[in-house]
Amino acid sequence: MLDIKQIRQNPEFFKKGLQAKNSGDKIEVLLELDQQRRSIVSQSDELKGIRNRVSAEIAQLKKINQTADDKISEMKKVGEKIKDLDDEIGSIDEQLNSIMITLPNMPHESVKVGRTAEENEFVREWGKKPQYDYLLKDHLDLAENLGILDFYRGAKVSGSGFPIYKAAGARLERAFINFMLDMHTEKHGYQEIFPPFMVNRESAFGTGQLPKLEDDMYRDNTDDLFLIPTAEVPVTNIHRDEIILENQLPIHYAAYSACFRREAGSYGKDTRGLSRVHQFNKVEMVRFTQPENSYEAHEELLQNAEDVLQALNLHYRIVSLCSGDLSFAAAKCYDIEIWAPGSLKYFEVSSVSNFEDFQARRANIRYRRALDGKVSYVHTLNGSGVATPRLMIAFLETYQTDEGTITIPEILQPYTGFKQIKSQSS
RNA sequence: GGAGAGAUGGCAGAGCGGUUGAAUGCGGCGGCCUCGAAAGUCGUUUCCCGACGUGUCGGGACGGGGGUUCGAAUCCCUCUCUCUCCGCCA
């Protein structure tokens with residue numbers, strides 16, 4: 001959520017920001033409503049002041065057993081007027097709010113202005129594309145030959161986009177998750193969270209999924225709960241409606257969760273294999289910081305995600321999203337794209353975002369400054385560390401041998417319990 | 001799912017129609033005392049909105065929403081959540 005006060009003070013900045021995010025210009029309408037609202041609120045406040053004073057007088061009169069009928073009937077009229085004004089305020093609030101909740105966050109000044117992903121900025125890359133002296137298979141061929149993924153039966157059981165991981169494939173998936181969680185908790189100092197996989201409407205609103213992305217989430221209509229698209233949602237909402245003491249900041253959480261995405265309208269795009277699925281696993285890092293520290297934290301967060309890929313010796317590159325490609329709530333976002341040598345493509349495995357106070361404002365997450373005891377909004381950030389399906393793609397394709405088996409790098413062997421994946425008996 | 005009880009400040013816990021933004025205790029902060037600390041003692045300590053010389057003034061908020069009333073933390077309705085007992089259940 002944006003701050004109406006800031007919009008009031010500097011409308012041009014917000015008009016530019018909305019434009020950079022490819023969002024229509026609602027600022028003028030907003031300011032007009034805001035002006036009306038404040039005018040009516042001050043009228044209402046004035047009448048309430050009168051009512052408070054006279055009511056106190058009535059109480060005094062009653063105490064000494066005098067009649068106050070004239071004052072009472074006068075206040076009855078005032079009360080009706082107040083109610084009318086407050087009803088008007090209510091209806092303006094509704095209009096204001098319906099606009100406010102749809103306005104995206106402003107891009108940070110360091111973010112390049114652009115319309116689409118084509119204009120994203122290359123930041124850096126790590127490692128090199130590995131070279132092979134044999135013909136490479138893509139992850140689908142590998143997984144099928146090895147018997148470690150079963151898309152066909154996944155589709156039978158649930159539908160397309162619900163892969164089944166089998167045997168060494170299941171174990172490898174679990175190894176990824178444990179490996180990443182251990183790294184973030186033991187090496188990077190995150191506290192581990194195992195969150196609920198379903199959230200209520202308030203939580204989905206708090207992180208910015210609602211109202212825009214309602215159709216992209218799986219929903220339980222009976223209880224009005226949403227299956228989480230990312231652990232960001234439950235984990236960020238842990239501190240919804242709270243005031244955190246400054247000495248408890250920064251807060252670092254790392255959480256595994258299954259993630260559920262309907263990906264409405266995306267059919268026909270990347271539908272093969274693991275690149276785009278409805279249910280997947282991800283380890284997510286979430287941070288709460290003081291505003292002045294959030295951009296430093298953003299770079300650290302990116303580094304934490306990179307560490308996973310570096311430890312596994314997988315080549316990747318980093319891009320900084322241009323303004324038009326930023327998500328609704330993000331002020332700045334780095335995407336980490338991993339190289340899949342069998343597919344000859346880079347796949348996005350992590351998004352590392354700074355939301356500044358946008359989510360904090362929606363979810364009412366504040367902190368009390370040690371210096372003066374004042375209350376302000378925290379900054380929230382999160383980054384995938386990382387999502388497993390595309391990690392699996394790059395991993396299988398990178399570590400394939402000329403015989404179609406997979407060599408497990410040493411660092412992961414304690415987690416897999418095996419050193420290579422050969423054809424699994426089914 | 002059934003029956004009952006409850007939701008008040010950072011926490012515990014009073015108040016149950018009229019100076020109650022809210023007793024009291026704990027915690028926090030500041031002063032005094034002390035070489036220092038503890039103890040003691042005095043003071044202080046919620047958030048939101050608006051207006052104008054940022055300090056004052058006005059308004060709002062006792063789980064959410066609605067109602068009754070001149071006036072609601074206090075009465076009524078409704079929703080949500082928590083606790084106890086019963087049922088069901090991995």
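Chain letters run A, B, ... following the sequence lines, proteins first, then strands; residues in each count from 1. In what follows, every heavy atom counts, from backbone to side chain, and hydrogens, waters and symmetry copies are set aside.
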**OP:** Round to the nearest Å and state the distance from A:Asp223 atom CG to B:G1 atom C1'.
**Re:** 13 Å
Original post:
Between A:Arg37 and A:Asp93, is the closest basic N to carboxylate O distance under 4.0 Å?
Top reply: yes
Original post:
Should we say atom NZ of A:Lys26 is surrounded by more than 12 heavy atoms from elsewhere, each under 6.0 Å from it?
Top reply: no
Subject >> A:Ser203 and A:Asn200: side chain donor to acceptor below 3.5 Å >> reply: yes
Subject >> Spacing between A:Asn200 atom CG and B:C79 atom P, to the nearest angstrom >> reply: 18 Å
**OP:** Respond yes when some side-chain nitrogen or oxygen of A:Arg38 is under 4.0 Å from OP1 or OP2 of B:A51, and no when none is.
**Re:** yes
Original post:
Reckon A:Val375 touches a base, only the sugar-phosphate, or nothing at all at heavy-atom distances under 4.0 Å?
Top reply: sugar-phosphate
**OP:** For nucleotides B:G87 and B:G2, find the distance between their C1' atoms and express it as a whole number of Å.
**Re:** 8 Å
**OP:** Check A:His239, A:Glu232, A:Arg240 against A:Thr236 for a side-chain contact (heavy atoms from CB on, under 4.5 Å) and give me the one that passes.
**Re:** A:Glu232
Subject >> Distance between C1' atoms of B:C86 and B:G15 (Å, rounded) >> reply: 34 Å
Original post:
Given that both distances must come in under 3.5 Å, which nucleotide forms a Watson-Crick or G-U wobble pair with B:C75?
Top reply: B:G67
Original post:
Taking the six-membered ring for Trp, are the ring centroids of A:Tyr367 and A:Phe288 within less than 6.0 Å of each other?
Top reply: no
**OP:** Ignoring the backbone of A:Lys48, work out which of B:G60, B:C49, B:C48 is nearest its side chain.
**Re:** B:G60
**OP:** Name the nucleic acid region contacted by A:Gly49, choosing base, sugar-phosphate or nothing; use a 4.0 angstrom heavy-atom cut-off, strictly under.
**Re:** sugar-phosphate
Original post:
Which nucleotide, in any strand shown, forms a Watson-Crick or G-U wobble pair with B:G40, with both distances under 3.5 Å?
Top reply: B:C32
Subject >> P atoms of B:C32 and B:U82, separation to the nearest Å >> reply: 48 Å
Original post:
For B:C47, which nucleotide is its Watson-Crick or G-U wobble mate, given both distances must be under 3.5 Å?
Top reply: B:G60
Original post:
Does a nitrogen or oxygen in the side chain of A:Asn52 sit under 4.0 Å from OP1 or OP2 of B:G60?
Top reply: yes
Original post:
Starting at the 5' end of RNA chain B and moving along, which residue's nearest nucleotide shows up first, A:Arg8 or A:Ser73?
Top reply: A:Arg8
**OP:** Return yes if a side-chain donor-acceptor contact under 3.5 Å exists between A:Tyr256 and A:Glu192, otherwise no.
**Re:** no
**OP:** With the side chain of A:Ser55 defined as its heavy atoms from C-beta on, choose the nearest nucleotide among B:C48, B:G59, B:G71.
**Re:** B:G71
Subject >> B:A14 - base-pair partner by Watson-Crick or wobble geometry, distances under 3.5 Å >> reply: none
Original post:
Counting side-chain heavy atoms from C-beta on, which of B:C48, B:C49, B:C70 comes nearest to A:Arg37?
Top reply: B:C49
Original post:
For the residue pair A:Tyr295 and A:His379, is the inter-centroid distance of their aromatic rings smaller than 6.0 Å?
Top reply: no
**OP:** For B:U19, give its Watson-Crick or G-U wobble partner with both distances under 3.5 Å, or none.
**Re:** none
Original post:
With rounding to whole Å, what would you report as the distance between B:U74 and B:G18 at their C1' atoms?
Top reply: 11 Å
Original post:
For B:U46, does OP1 or OP2 lie under 4.0 Å from any side-chain N or O of A:Arg368?
Top reply: no
**OP:** Rounded off to whole Å, could you give me the CD-to-P distance for the A:Glu94 and B:G66 pair?
**Re:** 11 Å
Subject >> NZ/NE/NH1/NH2 to OD/OE distance under 4.0 Å, A:Glu28 and A:Lys15 >> reply: yes
**OP:** Could you tell me whether A:Lys83 contacts a base, only the sugar-phosphate backbone, or nothing, with contacts defined as non-hydrogen atoms closer than 4.0 Å?
**Re:** sugar-phosphate
Original post:
Rounding to a whole Å, what distance do you find between A:Ile89:CD1 and B:C49:C1'?
Top reply: 10 Å
Original post:
Any N or O donor-acceptor pair linking the side chain of A:Asp45 to the base of B:G58 at under 3.5 Å?
Top reply: yes
Original post:
Rounding to the closest angstrom, what is the interatomic distance between B:G10 and B:U44 at atom C1'?
Top reply: 15 Å
Subject >> Between B:G50 (P) and A:Gln9 (CD): distance, integer Å >> reply: 10 Å
**OP:** Report which part of the nucleic acid A:Arg53 touches: base, sugar-phosphate, or nothing (heavy-atom distance under 4.0 Å, all strands).
**Re:** nothing
Original post:
What interatomic distance, in whole Å, is found between P of B:C77 and the corresponding atom of B:U19?
Top reply: 25 Å
Original post:
Which base, if any, makes a Watson-Crick or G-U wobble pair with B:G9, both distances under 3.5 Å?
Top reply: none
Original post:
Atom CG of A:Leu245 and atom C1' of B:U46: how far apart are they, to the nearest Å?
Top reply: 14 Å
Original post:
Taking atom P in both B:A23 and B:C16, what distance in whole Å separates the two?
Top reply: 14 Å
Subject >> Length of the line joining A:Arg51:CZ and B:G18:P, which is rounded to integer Å >> reply: 17 Å
**OP:** Could you check how far CG of A:Leu47 sits from C1' of B:C70, rounded to whole Å?
**Re:** 14 Å
Original post:
Taking the nucleotide of RNA chain B with the closest heavy atom to each, which residue, A:Lys5 or A:Glu46, is nearer the 5' end?
Top reply: A:Lys5
Original post:
A:Lys76 near the nucleic acid: base, sugar-phosphate alone, or nothing, with a heavy-atom cut-off under 4.0 Å?
Top reply: sugar-phosphate
Original post:
Looking only at atom C1', what distance separates B:U8 and B:G63, rounded to whole Å?
Top reply: 10 Å
Subject >> Counter-base of B:A3, judged by Watson-Crick or G-U geometry with both distances under 3.5 Å >> reply: B:U84
